[in-house]
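Here, residue 1 is the first one in the sequence, and each next residue gets the next number. Values below: all heavy atoms of this structure, side chains included; hydrogens, waters and symmetry mates excluded.
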Amino acid sequence: MKSELIKPIHLARRAVVYIRQSTTHQVVTNQESLRLQYALRQRAIELGWPEAGIDVIDADLGISGASAAQRSGFKELVGRVGLKEVGLILSIDVTRLARNCSDWYPLLDICGLHGCLIADRDGVYDPGSANGRLLLGLKGTISELELHTIRSRLTAGLLAKAERGELALTLPIGLVRDPSGVVVKDPNLEVQERLELLFETFLKVRTIAKVMREFNDRGLELPRRDRHGDLHWARATTSAVAAILKNPAYAGAFVYGRTRLRRPSDGRLPTKVPKPIEQWRIIVKDRYPPYIAWQSYEKIRGIVSDNRAEYMRNKTRGAPREGELLLQGIAWCGRCGHKMYARYKGGAEYVCNHLHSHQGLPACQYIRARRVDAAVAQAFLTALAPAEIDALSCARRAQQQAYKAMQSGAEQQLERRRYEAALAERQFHRVDPDNRLVAAELECRWEVALKEVRVAEEALARLKSPQAIAQITVGNKVLNDKSRPPLRPSA
């Protein structure tokens, strides 16, 4: 039945059917709602519009109505109303148009200014009239409140599950859920041992970049997940190493609320930024099978944080750099209290040039490093002398364990590469030789697998080379030489 609000001026313009679903999941599962929305074309015909005068805007499927920032369809609709092209906007409900009053009321203003009607399943409204604006305003306010209510209800249930550690978050590589939903370690022993080796290597070398170089120099890859969640092996990168080291799930802890949204003032998309560990919202320890203890995880985070070169803000010492000076990164000026830098040009020395660099004032002081380092070395050796043999023994044992772990990782990687090459060979031999398109592709995969086998064999050969074994052998000879007198600090 045609509404009495519709005038010839409205019929002379286009009728636009606006269609939106909040999420992609609703688009796939809630097909009945989509059918009702697309059926609004018939409603426009009943109101007097010809079929050729009806447009459908469905560019916002799968996008929430909480904001108009990413809704290109809504922006197109507002632009066409502003150009006086639209005489009627049809939507199954005003919640499809906007769930935010800051977007809803400007639409009402521009519709009222240019004489555009708004219709839903309850009726047709004129935003230019007092009654029409009142009803539409109430509908928009209720829509915004409804969004807040739904969000609060869902958030309360989510937080309740998170506080029990039962919220099913995405697990990092090395942890999987069994059919009953219990989190267990990945049954792939190579994945488990490679992750354990990564943590052990970091505690030895103490920087993310050195771990990355150590793995790549040894030809050891890291397990990663692809976009489908499947396991694949890739070359170690600093970002991949840092992601593993900083993830509390490897310490057996369920954590919720590690990040917060930062909304840029220039209108760009909000980004997630990490929170400090003391600001994490929920921490449930001993929820997952651990790869490291929680104390080790806290120690790793402390080392990573201390390696950041934020000398004056967080008073960190920074990662040790190449160079012979003993106090690099930990020397502070006794006059002005700023950090002193190591400089080797013109002779090794500690330099306090913070005031010169940041305020243009004269440099505070220069101290030659020879006498300072000699005193530091003497104090160190004096403190170390009673337990130096035990310390050397522990260091050599740790070196042997690290070497064995590296060798075991290289052997496992070679075994996996050989299996993949054998699998590619079997697939190639089973294909019909006349089907050249498939046979050529399988042949290429077989060749790639054989190349990767050769690379893994070379990496293992380097680990078993005389030079690598010599380092361990020399250490053993030192420890086994019982007649050698204990080291003492030089006079």
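Between Tyr291 and Tyr250, the ring-plane angle classifies as perpendicular under the 30° and 60° cut-offs. Using the six-membered ring where Trp is involved, Tyr18 and Phe74 have ring planes that are perpendicular, over 60° apart on the 30 and 60° scheme.
No donor-acceptor distance shorter than 3.5 angstrom exists from the side chain of Arg418 to the backbone of Gln413, with no hydrogens or angles considered. Checking side-chain atoms of Thr141 against main-chain N and O of Gly137 turns up a donor-acceptor pair under 3.5 Å. Within the 3.5 Å criterion, the main-chain N or O of Phe254 finds no donor-acceptor partner in the side chain of Arg287. Arg218 contributes no side-chain N or O that, together with a main-chain N or O of Ala410, makes up a donor-acceptor pair within less than 3.5 Å. Remark: side-chain polar atoms of Lys299 are not paired, donor with acceptor, to backbone N or O of Leu203 under 3.5 angstrom. Side chain of Gln70 to main chain of Ile63: no donor-acceptor pair is present (N/O by atom type, distance under 3.5 Å, no hydrogens or angles). Looking at Ser152, its side chain does come within 3.5 Å of a backbone N or O of His148 through a donor-acceptor pair. A donor-acceptor distance shorter than 3.5 angstrom exists from the side chain of Glu144 to the backbone of Cys101, with no hydrogens or angles considered. Proximity of a side-chain donor or acceptor of Arg43 to a complementary backbone N or O of Ala39 within less than 3.5 Å is not detected. Not one N or O on the side chain of Trp49 forms a donor-acceptor pair closer than 3.5 Å with the backbone of Leu88.
A salt bridge links Arg99 to Glu146: one of the charged nitrogens lies within less than 4.0 Å of a carboxylate oxygen. A salt bridge is defined here as a Lys NZ or Arg NE, NH1 or NH2 lying under 4.0 Å from an Asp or Glu carboxylate O, and Asp55 with Arg80 meets this definition. For the pair Arg235 and Glu221, the salt-bridge criterion is not met [side-chain N within less than 4.0 Å of a carboxylate O]. One finds a salt bridge joining Glu420 and Arg417 here, because a Lys/Arg side-chain nitrogen approaches an Asp/Glu carboxylate oxygen to under 4.0 Å. Of the charged side-chain nitrogens involved, none lies within less than 4.0 Å of a carboxylate oxygen, so that Arg96 and Asp120 do not count as a salt-bridged pair. The pair Glu457-Arg454 fails the salt-bridge criterion, with no side-chain N (NZ, NE, NH1 or NH2) lying under 4.0 Å from an Asp/Glu carboxylate O.
Applying the ring pair (Phe, Tyr, Trp, His ring centres under 6.0 Å) test to every pair with at least one member in residues 207-232, sequence neighbours left out, gives no pairs at all.
Exactly one residue among Glu425, Glu441, Arg426, Lys451 makes a side-chain contact (heavy atoms from CB on, under 4.5 Å) with Trp446. That residue is Glu425.
Residue Ala449 comes nearest to Ala421 through the heavy atom pair CB-CA, 3.6 Å, listed as atom of the first residue, atom of the second, then distance. When every heavy atom of Leu175 is checked against every heavy atom of Pro289, the shortest pair comes out as CD2-O, 3.8 Å. Leu90 and Ala15 make their closest contact through CD1-CB, 4.2 Å (heavy atoms, listed as atom of the first residue, atom of the second, distance). Across every non-hydrogen atom of Ile208 and Ala242, the tightest pair is CD1-CB, 3.6 Å. Nearest heavy atom pair, residue Phe199 against residue Ile300, reads CD2-CD1, 3.7 Å. Of all heavy-atom pairs spanning Ala240 and Leu222, the tightest one is CB-CD1, 4.2 Å.
Contact of the Ile19 side chain with the Ile57 side chain is not registered, since no non-hydrogen atoms from C-beta on lie closer than 4.5 Å. Residues Val183 and Asp178 form no side-chain contact, since every pair of their non-hydrogen atoms from C-beta on lies 4.5 Å or further apart. Residues Asn435 and Val438 meet the side-chain proximity criterion, which asks for heavy atoms closer than 4.5 Å. Residues Asp60 and Ser72 are in side-chain contact: their nearest non-hydrogen atoms beyond the backbone lie under 4.5 Å apart. By the 4.5 Å heavy-atom criterion applied to side chains, Pro248 and Trp294 are counted as neighbours. Side-chain contact between Val78 and Leu107 is present, with heavy atoms from C-beta onward closer than 4.5 Å. Here the side chains of Arg301 and Lys246 are in contact, with some heavy-atom distance below 4.5 Å. Taking 4.5 Å as the limit, every side-chain heavy atom of Lys161 sits out of range of all side-chain heavy atoms of Glu163.
Separation of atoms CG (Asn100) and CG (Leu147) is listed at 8.5 Å; rounding is to 0.5 Å. Residue Tyr256 holds its OH atom at 4.5 Å from CG of Leu158, rounded to the nearest 0.5 Å. Separating the CG atom in Leu145 from the CD1 atom in Ile150 is a distance of 10.0 Å, to the nearest 0.5 Å. In this structure, the separation between CZ on Phe202 and OG on Ser296 is 11.5 Å, given to the nearest 0.5 Å. From Thr201, atom OG1 reaches atom CZ of Arg213 across 13.5 Å, with rounding to the nearest 0.5 Å. Remark: Leu40 CG to Arg35 CZ distance equals 14.5 Å, nearest 0.5 Å.
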**Request:** Apply the test side chain to side chain donor-acceptor pair (under 3.5 Å) to residues Glu193 and Gln412: give CA-CA distance (whole Å), side-chain angles for both, the deciding distance (0.1 Å), then the verdict.
**Result:** CA-CA 9 Å; Glu193 295 184 9; Gln412 290 177 339; 2.6 Å; yes
- Query: Run the side-chain contact (heavy atoms from CB on, under 4.5 Å) check on Ile118 and Leu136 step by step: do they pass?
  - Reply: CA-CA 9 Å; Ile118 297 178; Leu136 290 172; 4.1 Å; yes
Next on the checklist: Using the rule given for side-chain contact (heavy atoms from CB on, under 4.5 Å), can you reason through Cys116 versus Ile89, listing the C-alpha separation, both sets of side-chain angles and the distance that settles it, and then say yes or no?
Outcome noted: CA-CA 7 Å; Cys116 177; Ile89 300 174; 3.8 Å; yes
Assess whether salt bridge (Lys or Arg N to Asp or Glu O under 4.0 Å) is satisfied between Lys204 and Glu200, documenting all intermediate values.
CA-CA 6 Å; Lys204 181 181 70 173; Glu200 293 172 0; over 6 Å; no
Check against side-chain contact (heavy atoms from CB on, under 4.5 Å), Val56 and Arg41
CA-CA 8 Å; Val56 175; Arg41 291 179 60 94; 3.4 Å; yes
Passes side-chain contact (heavy atoms from CB on, under 4.5 Å), Val211 versus Thr207? Steps please. CA-CA 6 Å; Val211 173; Thr207 69; over 6 Å; no
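Counting non-hydrogen atoms of neighbouring residues, nucleotides and ligands closer than 6.0 angstrom, the CG atom of Asp93 exceeds 12 such neighbours. More than 12 heavy-atom neighbours from other residues, nucleotides or ligands sit within 6.0 angstrom of NZ on Lys275. Around CD of Glu85, the count of heavy atoms belonging to other residues, nucleotides or ligands within 6.0 Å exceeds 12. Annotation for Gln279: atom CD counts as buried by contact number, over 12 foreign heavy atoms lying within 6.0 Å. Residue Tyr38 places its OH atom among more than 12 non-hydrogen atoms of other residues, nucleotides or ligands, all under 6.0 Å distant. Counting heavy atoms of neighbouring residues, nucleotides and ligands inside a 6.0 Å radius, atom CZ of Arg225 exceeds 12 of them. Dense packing is recorded around NZ of Lys185, with more than 12 heavy atoms of other residues, nucleotides or ligands lying under 6.0 Å away.
A donor and an acceptor atom, one from each side chain of Gln37 and Arg20, are nowhere located under 3.5 Å apart.
Taking Leu231 as the reference, Ile173, Asn188, Val191, Pro223, Trp233 meet the side-chain contact (heavy atoms from CB on, under 4.5 Å) condition, with sequence neighbours excluded.
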